[in-house]
Amino acid sequence: MSRLETAFTRQVGIEVPLICGAMYPCSNPELIAAVSEAGGIGIVQPISMSYVHGHDLREGLRLIKSLTDKPIGFNALVEASSDAYTQRMKKWVDIALEEGVRFFITALGNPSWVVKAAHAAGGIVYHDVTERKWALKALEHGVDGLICVNARAGGHAGQRQPGPLFAELADLGKPLICAGGVGDEAGFVEALDQGYAGVQLGTRFIATTECKAHDDYKRAIVAADGDDIVLTDKISGVPVAVIKTPYIERVGTKANPVMRRALRHPKLKHYARMYYTMKSIWQLKRASLQGMSYKDYFQAGKSVDGITSVEPAGDIVRRYAEAGRREVVAKTA
Ligand SMILES: Cc1cc2nc3c(=O)[nH]c(=O)nc-3n(C[C@H](O)[C@H](O)[C@H](O)COP(=O)(O)O)c2cc1C
């Protein structure tokens, strides 16, 4: 059996165990379609689709379907921040199901309602986890697999390195996806050899011709190395991995002390989180689309180490797949 055929590829019906992870604000339909068309799977981020890239969700999903007939996935952030948000997310998940999406990645809360809806339609749900206690909770809610977000990831990173995180979750009996730090083929093959059933990349797919992020952002990813990645809680109130650009050096990486206190305060923390969510949605959109002319708030993970050029997303998927096959041939020769 090829290393590329895993429990994950069989569940989702794809050829290469490679996910282009959901990225607010970098997930645009053309990028998602290019990854799926090449044999991996691209994930729709609904807020990125609508608020950043200007597509009504159904119309955006149809645009992707006009570019590829291969499977795509959908990111449902199930944080119960308000009733209105939950209702909107439920509507989006229904639309995704109606448009034929059968793979869901949930994060940040209780995924049981997504599991119920997806399973009723024959779908599959994986949940983002950073440690065992969250994994156990997610499994209680019936998810089919786990996205193991490690300390090298772009976006909201975890605390564990990929190896220890795998060891902590391996006995749970579900397919595990390595999310974070993989920026080249060697890292992809290494993760599969560790026992992961697939690998989710984010940063690597920003530096592609299909991603609509500003060229300043892509250039900063290509130029950066792992030591340039720092965590800041200034953007969203919780640590986010960004490139240490001159702007980040100037403004620092710590939220102001009043807001830090508000984030811990039992009565105020809900409002403080809401404030940060709105602020980060707006700031990250502008930074991604306007580059240095706004503020160079460029989210990226330690995977920048392996990224040396901007290239078509499909070429990346094919190159990684080839490396996976080659290694198997070398091992069995
Ligand atoms: C710019 C950016 C935005 C992200 N936004 C989201 C998101 O909206 N939802 C989510 O579940 N994960 C999000 N992530 C995490 C990615 O889906 C993926 O797990 C992560 O990027 C993997 O680490 P890597 O960047 O080192 O490849 C984001 C990552 C980046 C870099």
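Both counts, for ligands and for their atoms, begin at 1 and track the order of listing.
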Can you tell me if [X] contacts ligand 1 (heavy atom of the residue under 4.0 Å from the ligand)?
| X | value |
| --- | --- |
| Val149 | no |
| Phe298 | no |
| Arg204 | no |

Taking non-hydrogen atoms only, is [X] closer than 4.0 angstrom to ligand 1 via side chain, backbone, both or neither?
| X | result |
| --- | --- |
| Tyr217 | side chain |
| Asn75 | side chain |
| Met23 | both |
| Ile147 | neither |
| His156 | neither |

Value for NE2 (His53) from CG (Leu31), rounded to nearest 0.5 Å, stands at 9.0 Å
N/O to N/O below 3.5 Å, does that happen between Tyr24 and ligand 1?
-> yes
Which heavy atom of the protein is the closest neighbour of [atom], given with residue, atom name and distance?
| atom | answer |
| --- | --- |
| atom 14 (N) of ligand 1 | Ala22 O, 3.2 Å |
| atom 27 (O) of ligand 1 | Gly202 N, 2.8 Å |
| atom 8 (O) of ligand 1 | Gln45 NE2, 3.0 Å |

Would [X] and [Y] count as having a side-chain donor-acceptor pair, cut-off 3.5 Å?
| X | Y | value |
| --- | --- | --- |
| Gln11 | Tyr126 | yes |
| His55 | Asn28 | no |
| Ser27 | Gln45 | no |

Atoms of ligand 1, numbered as shown, that sit under 4.0 Å from any heavy atom of [X]:
| X | answer |
| --- | --- |
| Gly155 | 29 (C), 30 (C), 31 (C) |
| Gly21 | 17 (O) |
| Arg152 | 26 (O) |

Report, as yes or no, whether the 6.0 Å neighbourhood of atom CH2 on Trp113 holds more than 12 heavy atoms from other residues, nucleotides or ligands.
-> yes
Taking the side chain as every heavy atom from C-beta outward, state whether Val78 and Val114 have any pair of such atoms under 4.5 Å apart.
-> yes
Any Phe103 side-chain heavy atom under 4.5 Å of Ile72 side chain = no
Is the shortest distance from a Lys or Arg side-chain nitrogen in Glu168 or Arg132 to a carboxylate oxygen in the other one below 4.0 Å?
-> no
What orientation do Tyr247 and Tyr297 show, parallel under 30°, tilted 30 to 60°, or perpendicular over 60°?
-> perpendicular
Main-chain N/O of Tyr51 paired with Lys285 side-chain donor or acceptor, under 3.5 Å = yes
